[in-house]
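Residue numbers begin at 1 in each chain, while the letters A, B, ... track the order of the sequences.
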Protein chains: 2
Amino acid sequence: MSLCETDDFQSVSQTLNVMSVKTDPVVKRHDLGMDHHVATCRAELVAVLTTLRNGMPEVLTLQDGHCLPAGPLETEHTSLQRGLRHWVEQQTGFRLGHVEQLYTFGDAAQAQQDRLVRISYMALTRGGQTQSGWQSWYTYFPWEDRRTNACHTSLKTIQDHLKSWAGDQTDRLERCNQVFGLNGENWNDDTVLERYELLWEAGLVPEAGPNSVPQINGQSMLWDHRRILATALSRLRAKIRYTPAVFELVPEEFTLLHLQQAMEALSGRLMHKQNFRRLVQNQQLVEETDRYESGVQGRPARLYRFRRENSENCYLSGAELPLDYIS
Amino acid sequence: MSLCETDDFQSVSQTLNVMSVKTDPVVKRHDLGMDHHVATCRAELVAVLTTLRNGMPEVLTLQDGHCLPAGPLETEHTSLQRGLRHWVEQQTGFRLGHVEQLYTFGDAAQAQQDRLVRISYMALTRGGQTQSGWQSWYTYFPWEDRRTNACHTSLKTIQDHLKSWAGDQTDRLERCNQVFGLNGENWNDDTVLERYELLWEAGLVPEAGPNSVPQINGQSMLWDHRRILATALSRLRAKIRYTPAVFELVPEEFTLLHLQQAMEALSGRLMHKQNFRRLVQNQQLVEETDRYESGVQGRPARLYRFRRENSENCYLSGAELPLDYIS
DNA sequence: ATACTATATGCTCAATTAGAGCATAATAGA
DNA sequence: TCTATTATGCTCTAATTGAGCATATAGTAT
């Protein structure tokens with residue numbers, strides 16, 4: 001929600017310790033707490049940069065798709081975001097625009113002196129990028145693309161494995177049903193992360209360790225980066241439904257079908273064309289231009305433009321109509 | 001959205017570097033990146049614990065309401081969450097239940113070797129707490145409680161100051177209108193953080209520094225903790241609308257009016273009684289008990305219980321009816 | 001030119017949900 | 001018994017949503 005732009009403390013706030021509090025033991029307490037055992041950390045900054053190309057949502061990766069742009073916070077970086085920008089630019093040549101924090105992972109498993117804290121961010125960009133290293137989201141999460149029947153084979157396999165993992169433990173069964181919508185339950189687009197974590201827990205992804213039995217398609221990543229990617233997809237799918245974030249991914253001028261296909265690519269589901277159009281127009285999210293698309297078959301579609309003025313409180317939800325499921 | 005329970009990496013994921021990637025330069029790159037300049041950090045863990053008491057949402061504080069429970073990550077802590085739990089328990093005696101990460105702030109303003117990274121969390125608990133130090137949310141954000149006319153004085157003052165800050169800069173004016181709903185625009189319950197940050201930017205809260213002119217009521221906090229609190233309120237207000245999170249704040253058995261008042265306290269707005277009841281019952285979020293409330297005036301109200309089974313995909317939105325605004 | 005195909009766009013109709021408020025029921029206390 | 005007070009049931013209208021038919025406008029094959 002909050003596109004918190006200022007990621008970092010204002011310097012002034014550091015000087016506030018003496019302000020408006022009579023008793024000073026607060027400061028003492030903190031000092032006391034820090035005099036022993038305080039762990040030193042390195043902070044690593046990880047970026048999930050998303051774009052749309054050819055109706056596919058893509059993410060910027062390194063190393064043949066096996067990890068995300070990332071790097072440690074350095075003393076020269078004057079803020080977390082600036083550190084992130086530095087690494088992404090250095091590693092991919094890309095200059096980030098607006099950025100949204102996702103989640104902070106701490107390494108763990110045992111007490112230790114040297115720690116790694118991984119702070120992940122999400123950013124969006126319009127298509128037409130020149131960098132190499134863009135990979136489709138659904139390379140990593142084939143089961144999340146429900147626009148075609150292709151996902152069914154992937155889902156069928158997953159469901160079989162999940163069932164045998166759950167056995168007759170009702171709590172496991174119930175979670176599988178919830179998260180993957182096994183029996184009649186609804187599939188929730190937004191719970192990408194929950195699904196991935198369930199697969200992890202069930203040992204069905206290679207990241208789960210050497211004892212896992214990864215018989216599921218979908219490419220893995222190093223250093224838990226695929227979990228970070230799942231977090232990003234969850235967030236973005238939720239976000240496009242209550243903010244006009246899609247418009248950061250489509251060109252300045254677009255047809256309503258382009259817009260719809262962008263929503264479909266991100267949410268992984270097909271929508272009802274006429275109703276989608278009605279929704280968008282009622283919300284007054286867009287305004288007509290006097291131009292039309294050219295060079296395509298059929299009646300040419302009018303080009304529209306995003307109406308920035310109005311639209312802070314509008315959203316682009318509903319109008320979902322999964323099509324042709326059980327083929 | 002994602003109640004990501006596992007805050008931390010699995011240990012196995014650390015051993016993955018050798019897996020499924022032919023070329024190893026990834027590891028090299030990271031090593032190279034870290035050989036100079038890497039900043040060392042301390043991680044501080046901050047908790048926003050919320051409860052409901054007497055129809056008021058309250059937060060657990062220290063030092064007479066001037067800061068939140070917090071402490072540094074220590075070597076003994078085997079995860080960020082466990083560190084958080086340790087500090088909260090040590091400082092307040094309270095044992096946290098489920099916890100949700102909010103945001104990570106990095107200190108900044110200048111390049112430096114020793115850094116502080118502040119990782120904030122939110123947790124909910126039922127009423128009946130014995131600790132001292134609970135403070136009403138609206139002590140810190142009086143303008144956010146729109147259930148009574150009391151907020152109007154606070155809001156009026158704010159609007160006047162904001163207008164004089166904006167002057168005739170249209171971008172500032174537009175933001176004020178958006179965020180505080182100055183002219184006809186809708187007030188968005190969820191944007192607590194945006195409002196607080198706007199006040200900061202306008203120099204209307206003391207945290208904004210020595211040059212600020214804090215002529216607005218609402219108690220301030222140390223170390224940017226009030227911003228963390230604002231983040232928590234934003235998150236919680238959003239969350240209760242698409243998950244059954246309210247039920248973590250009301251007793252096992254409750255009347256529908258209790259439930260409504262809980263929603264009202266959190267969202268800061270009044271709702272239409274009959275329609276709220278209709279909504280809750282249609283969603284099948286609750287089930288009847290055979291018991292009734294006693295000891296109050298009027299017809300006794302039936303007690304209900306949360307239906308955990310069904311309700312993952314249900315929400316408790318709509319039914320908002322601000323009452324008696326312009327008195 | 002004509003038929004055919006493909007897409008865009010306009011419009012309808014029924015079902016459901018939301019907004020507002022009236023009416024009745026059930027209690028405690030005067 | 002009467003009154004104040006709260007709970008709960010119900011109605012009525014206005015919007016919104018889900019589904020799909022019909023028409024418009026282009027390119028392409030015959």
Side-chain angles (χ1 to χ4, degrees), chain A residues 55 186-187 189 241-242 250 253-264 267 269-305 313-326, chain B residues 55 186 189 241-242 250 253-264 267 269-305 313-325:
Chain A
N186 286 340
W187 177 275
D189 300 340
R241 285 200 279 96
Y242 57 87
V250 295
E253 298 194 345
F254 47 83
T255 69
L256 294 185
L257 184 62
H258 289 156
L259 189 63
Q260 179 181 344
Q261 286 170 337
M263 290 291 284
E264 291 177 336
S267 69
R269 323 194 85 187
L270 296 176
M271 296 179 187
H272 184 286
K273 189 167 175 173
Q274 294 96 321
N275 291 346
F276 179 82
R277 152 185 295 274
R278 178 175 64 188
L279 183 77
V280 173
Q281 292 180 317
N282 284 353
Q283 303 276 172
Q284 303 196 292
L285 275 170
V286 297
E287 61 192 3
E288 289 185 353
T289 70
D290 50 0
R291 311 204 308 136
Y292 292 83
E293 199 187 19
S294 61
V296 288
Q297 255 205 339
R299 176 173 171 178
R302 183 183 285 277
L303 291 174
Y304 288 80
R305 188 186 300 121
N313 291 318
C314 287
Y315 59 103
L316 251 178
S317 176
E320 296 185 50
L321 182 141
L323 199 142
D324 185 35
Y325 259 126
I326 314 104
Chain B
N186 286 339
D189 300 340
R241 285 201 278 98
Y242 57 87
V250 295
E253 298 194 346
F254 48 83
T255 70
L256 294 185
L257 184 62
H258 290 157
L259 189 63
Q260 179 181 345
Q261 287 170 336
M263 291 290 284
E264 290 177 336
S267 69
R269 322 194 85 187
L270 294 176
M271 296 177 188
H272 184 288
K273 189 168 176 173
Q274 295 96 321
N275 291 347
F276 179 83
R277 151 185 295 273
R278 178 175 63 187
L279 184 77
V280 173
Q281 291 179 317
N282 284 353
Q283 304 274 176
Q284 303 197 292
L285 276 169
V286 298
E287 60 192 4
E288 289 186 352
T289 69
D290 50 359
R291 311 204 307 137
Y292 292 84
E293 198 188 18
S294 61
V296 288
Q297 252 204 339
R299 175 173 169 179
R302 184 183 285 276
L303 292 173
Y304 289 79
R305 187 185 301 121
N313 291 318
C314 287
Y315 59 102
L316 250 178
S317 176
E320 297 186 50
L321 183 140
L323 199 143
D324 184 37
Y325 259 127

Rounding to a whole Å, what distance do you find between H272(A):NE2 and dG20(D):P?
7 Å
Roughly how far apart are R302(B) CZ and F254(B) CZ, rounded to 0.5 Å?
13.0 Å
CG of L256(B) to CZ of F276(B), rounded to nearest 0.5 Å, is 7.5 Å
Contact list (N/O, under 3.5 angstrom) for nucleotides 8-11 of chain C vs protein:
| residue | atom | partner | partner atom | Å |
| --- | --- | --- | --- | --- |
| dA8(C) | OP2 | K273(A) | NZ | 2.1 |
| dT9(C) | OP1 | R302(A) | N | 2.8 |
| dT9(C) | OP2 | R277(A) | NH2 | 2.3 |
| dT9(C) | O5' | R277(A) | NH2 | 3.3 |
| dG10(C) | O6 | Q274(A) | NE2 | 3.4 |

Distance col, row Q274(B):CD vs Q260(B):CD, nearest 0.5 angstrom, shows 9.0 Å
Listed by chain and number, what are the side chain to side chain donor-acceptor pair (under 3.5 Å) partners of R291(A), not counting sequence neighbours?
E253(A)
Spacing of R291(B) atom CZ relative to dA26(C) atom P, expressed in whole Å:
20 Å
Rounded to whole Å, the CZ-C1' distance (F276(B) to dA7(D)) equals 14 Å
Give, for atom CG of L270(A) and atom CD of Q261(A), the distance between the pair rounded to the nearest 0.5 Å.
9.5 Å
